[in-house]
Number of protein chains: 2
Amino acid sequence: MTKQMSDSMEPAEVKRTEALSAEIFTNIANKWALLIINTLGEGTMRFTELCAAVEGVSHKMLAQTLRILERDGVVNRLVHPTVPPRVDYSLTDAGLMLRTTVNAMCVWTRQHVHHIDQARQRFDERQV
Amino acid sequence: MTKQMSDSMEPAEVKRTEALSAEIFTNIANKWALLIINTLGEGTMRFTELCAAVEGVSHKMLAQTLRILERDGVVNRLVHPTVPPRVDYSLTDAGLMLRTTVNAMCVWTRQHVHHIDQARQRFDERQV
DNA sequence: CTGTATCCCATACGATACTG
DNA sequence: CAGTATCGTATGGGATACAG
């Protein structure tokens, strides 16, 4: 995770970068963040649309996760000064790159559902 | 996530597959599972080696997460009947495929640390 | 519509101790 | 060494209500 770091970096700077990496990874390596990123890959969406598109996410977790992703420069938030308010969410360039890897994870899941289902049955039998 | 499902499937079967997908995704879409999968991609490791290699993981979470990944057919667990016991963990074929996508996530994180750091500073300024 | 705030419960997690 | 069990705390996360 923290390998291949530039040799020209000060030890203190290296340490800070490692801490940042861990923090960033923690922010994106969770169910809601990954599902939101994957869904937003399909295009710009409003808050309510996202809430409906991301299976099982609550109002609260969507807002909370979107703030984190916005702060980390993964998600763009465009507010239209209208009444009622309209907010468009989309992926940044960095977010789009991340999304390709996230989507690969989703594809992997779909492709291995059956395989995993059988692995589980074998495991559960073994454990009596 | 649950698109592109075979047309030849019964409605009940489709529903079960969707539920399984969501469950599997929840199992792998968390910090420890992803870090463990990524680390195991470097090769077979023993429990204690893994515990040291995965930055910040506790004894308990490692054991717990390994069980889940083993059950889902992502991780192989090979017990040597010796004293003291020796257990080798490695990725299954399915796990290896998954690992390439997980590793891409890790690479993305490393490559965007600086970019994200700046995005955060801009965000925090804006929020006063 | 797009949030934020509060309450409250369930689970995640670390620390520690114990077993084969 | 490689776990499992227990305990206490912290965080995740749903439901609801409220505000701009």
Side-chain angles (χ1 to χ4, degrees), chain A residues 22-37 39-40 43-72 74-90 123-124 126-128, chain B residues 19 22-37 39-40 43-72 75-90 123-124 126-128:
Chain A
E23 205 182 308
I24 294 165
F25 190 80
T26 303
N27 281 349
I28 58 178
N30 74 77
K31 186 178 172 179
W32 298 133
L34 293 178
L35 285 179
I36 289 169
I37 289 168
T39 303
L40 271 184
T44 298
M45 297 180 90
R46 300 178 58 174
F47 186 86
T48 316
E49 288 178 299
L50 253 180
C51 212
V54 177
E55 184 68 30
V57 76
S58 71
H59 197 76
K60 176 187 172 181
M61 288 314 295
L62 181 59
Q64 193 173 113
T65 308
L66 279 173
R67 295 303 287 212
I68 292 172
L69 295 178
E70 185 197 355
R71 186 169 111 97
D72 281 359
V74 172
V75 162
N76 281 135
R77 181 167 173 269
L78 182 61
V79 183
H80 295 89
T82 57
V83 178
R86 175 196 177 96
V87 181
D88 285 330
Y89 287 98
S90 59
F123 181 91
D124 293 345
R126 231 178 301 143
Q127 310 298 312
V128 183
Chain B
E23 204 181 308
I24 294 165
F25 190 80
T26 302
N27 281 350
I28 58 177
N30 74 76
K31 186 178 171 178
W32 298 133
L34 293 178
L35 285 179
I36 290 169
I37 290 167
T39 302
L40 271 183
T44 299
M45 297 179 89
R46 300 177 61 173
F47 186 87
T48 314
E49 288 178 301
L50 251 181
C51 211
V54 177
E55 184 68 29
V57 76
S58 71
H59 197 77
K60 177 185 172 182
M61 289 314 296
L62 182 59
Q64 195 174 112
T65 308
L66 280 172
R67 282 266 104 80
I68 292 173
L69 294 179
E70 186 196 355
R71 186 168 110 99
D72 281 1
V75 161
N76 281 135
R77 181 166 172 272
L78 180 61
V79 183
H80 297 89
T82 58
V83 178
R86 175 196 178 97
V87 181
D88 286 329
Y89 286 98
S90 59
F123 181 91
D124 293 343
R126 232 179 301 143
Q127 310 298 311
V128 183

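The figures that follow rest on heavy atoms only: side chains count, while hydrogens, waters and symmetry mates do not. Proteins get letters first, then strands, A, B, ... in listed order; numbering begins at 1 in each. Predicted model only: the values in this text are computed from it and were never measured.
The interatomic distance linking A:M45 (CE) with C:dC1 (C1') rounds to 15 Å, in whole Å. When the P atom of C:dT2 is taken as reference, atom CZ of A:R67 falls 14 Å away, rounded to whole Å. Per the geometry, CG belonging to B:L66 stands 8 Å off P belonging to D:dG3, to the nearest Å. If you measure from atom CG of A:L50 to atom P of C:dC1, you get 14 Å, rounded to the nearest angstrom. Atom CZ in B:F47 sits roughly 15 Å away from atom C1' in C:dG20 (whole-Å rounding). We find that CD1 of B:I36 is positioned 14 Å from C1' of C:dA12, with the value rounded to whole Å.
The CD1 atom of A:I36 sits 11.5 Å away from the NZ atom of A:K31 when rounded to the nearest 0.5 Å. For the atom pair CG (A:N30) and OG1 (B:T26), the distance works out to 11.0 Å, reported to the nearest 0.5 Å. In this structure, B:T39 OG1 and B:L34 CG are separated by 10.5 Å, a value rounded to the nearest 0.5 Å. In this structure, CD1 in A:I37 is found 9.5 Å from OG1 in A:T65, a value given to the nearest 0.5 Å. A distance of 8.0 Å separates CZ in B:R77 from CZ in A:F123, rounded to the nearest 0.5 Å. Once rounded to the nearest 0.5 Å, the distance linking CD1 of A:I24 with CG of A:D72 reads 6.0 Å.
Closest of all the heavy-atom pairs between B:L40 and B:Y89 is CD2-O, 3.5 Å.
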Determine all donor-acceptor pairs shorter than 3.5 Å in which one atom belongs to a side chain in residues 49-58 of chain B; sequence neighbours excluded.
unit_1 : atom_1 : unit_2 : atom_2 : d
B:E49  : OE1    : B:R46  : N      : 2.7
B:S58  : OG     : B:M61  : N      : 3.2

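In this structure B:V83 satisfies the side chain to side chain contact (heavy atoms under 4.5 Å, CB included) test with no other residue, sequence neighbours excluded.
Using a 4.5 Å cut-off on side-chain heavy atoms (C-beta onward), B:I28 and B:L69 make contact.
Screening residues 43-69 of chain A for ring pair (Phe, Tyr, Trp, His ring centres under 6.0 Å), with sequence neighbours left out, gives A:F47-A:H59.
Remark: A:R46 is not in phosphate contact with C:dC1, judged by side-chain N or O atoms under 4.0 Å from OP1 or OP2.
Residues from residues 77-89 of chain B lying near DNA chain C, meaning a heavy-atom separation below 4.0 Å, are B:P85 in numerical order.
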request  = Summarise protein proximity over nucleotides 8-19 of chain D in one line of letters, 5' to 3': B for base, S for sugar-phosphate only, - for none, counting protein heavy atoms closer than 4.0 Å.
outcome  = -----BBB----
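Across its full length, the helix from C:dC1-D:dG20 to C:dG20-D:dC1 shows an angle of 40° between the axes of its 5 terminal pairs at either end, rounded to 10 degrees.
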